[in-house]
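It should be emphasised that the depicted structure is a prediction, and the values quoted were computed from it without experimental measurement.
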Amino acid sequence: MEIKLDNPAWYSLSETHKDFVIDDDNMKFYDPDYCPFGGAVNDNETESGIAAYASLTDSFFVIGNRPDVNDKVQIEGELVCNQMVIDQRIDIDIHENIISLQTEIHRGDLFKLVNLVQPGYFKNKTADLGSYYGIYKYDQLIAVTGERMKMHGYTELSAIVTHPEHTGNGYAKQLIVHASNKIFNESKIPYLHVADNNVNAIGLYEKLGFVTRKKISFWKLHANVL
């Protein structure tokens, strides 16, 4: 099954997340209210699907090989990521109070924190794609981790975010342990994507037992204004 990770958006939208799909022949995209990601089964037949999706959202990402586009869409850039996986539970004690972010207040705090640190990826309904967990201090949400793309056998960890004023305290590590072990409890394997130049994050993930499976590209696209 691991080969499915070569095309995570396509398989997630074909399986666990099929209710969130916008399907256009060769392309599958998430509804843009949930996630700005898509994938293709054939890299040489992406023009029409990408152009159709570009009419729905300002900017978005195609995961995998460089997509073909027509003059209605522009490729803005390539984000090269390490795709990392872990194959066993993480045996580290958790001493922080980690809660499931389920209420409307929690969801609002989650949206604001993730977009403060990683703007552009987390949408109004992204939290509906999986479970999200957080740590509060003095009524402020200061660190989160959750689930994004999900397929049979695999769940992606995402939004691994700590407020800039609270970094260096091990909050991300404990949230990753909590979320990863919850995924293992579901008989699934956690995986994640991290920019290949983010050496600090990669170092943390490696210490926890994650290994890099491959490099994978997220191509950022947007509609041309004619």
Counting only heavy atoms not in [X], do more than 12 fall under 6.0 Å of its [atom1]?
X: Lys214; atom1: NZ; answer: yes
X: Lys188; atom1: NZ; answer: yes
X: Asn185; atom1: CG; answer: yes
X: Asn42; atom1: CG; answer: yes
X: Lys173; atom1: NZ; answer: no
X: Lys182; atom1: NZ; answer: no

For the backbone of [Y] and the side chain of [X], can you confirm whether one donor and one acceptor N or O come within less than 3.5 Å of each other?
X: Arg89; Y: Asn181; answer: yes
X: Glu156; Y: Met149; answer: yes
X: Ser14; Y: Trp10; answer: yes
X: Asp68; Y: Glu45; answer: no
X: Glu147; Y: Tyr132; answer: no
X: Ser55; Y: Ala52; answer: yes

Original post:
In terms of side-chain geometry, is the basic nitrogen of Glu15 or Lys4 positioned less than 4.0 Å from the acidic oxygen of its partner?
Top reply: yes

**OP:** Let me see the working for Asn115 and Tyr121 under side chain to side chain donor-acceptor pair (under 3.5 Å), right down to the final yes or no.
**Re:** CA-CA 8 Å; Asn115 279 291; Tyr121 296 94; over 6 Å; no

Is any side-chain heavy atom of [X] closer than 4.5 Å to a side-chain heavy atom of [Y]?
X: Pro8; Y: Tyr154; value: no
X: Lys220; Y: Leu79; value: no
X: Val69; Y: Leu221; value: yes
X: Leu175; Y: Ile98; value: yes
X: Tyr171; Y: Glu96; value: yes
X: Leu129; Y: Ser158; value: no
X: Met27; Y: Val62; value: yes
X: Asn124; Y: Phe111; value: yes

Straight-line distance of [X] [atom1] to [Y] [atom2], nearest 0.5 Å:
X: Ile176; Y: Gln174; atom1: CD1; atom2: CD; result: 10.5 Å
X: Phe29; Y: Ile22; atom1: CZ; atom2: CD1; result: 9.0 Å
X: Tyr34; Y: Asp128; atom1: OH; atom2: CG; result: 5.5 Å
X: Lys207; Y: Ile92; atom1: NZ; atom2: CD1; result: 10.5 Å
X: Leu157; Y: Arg148; atom1: CG; atom2: CZ; result: 10.5 Å
X: Asn169; Y: Ile142; atom1: CG; atom2: CD1; result: 7.0 Å

Subject >> Qualifying residue, where the test is ring pair (Phe, Tyr, Trp, His ring centres under 6.0 Å) with Phe37 and the options are Phe218, Phe60, Trp219 >> reply: Phe218

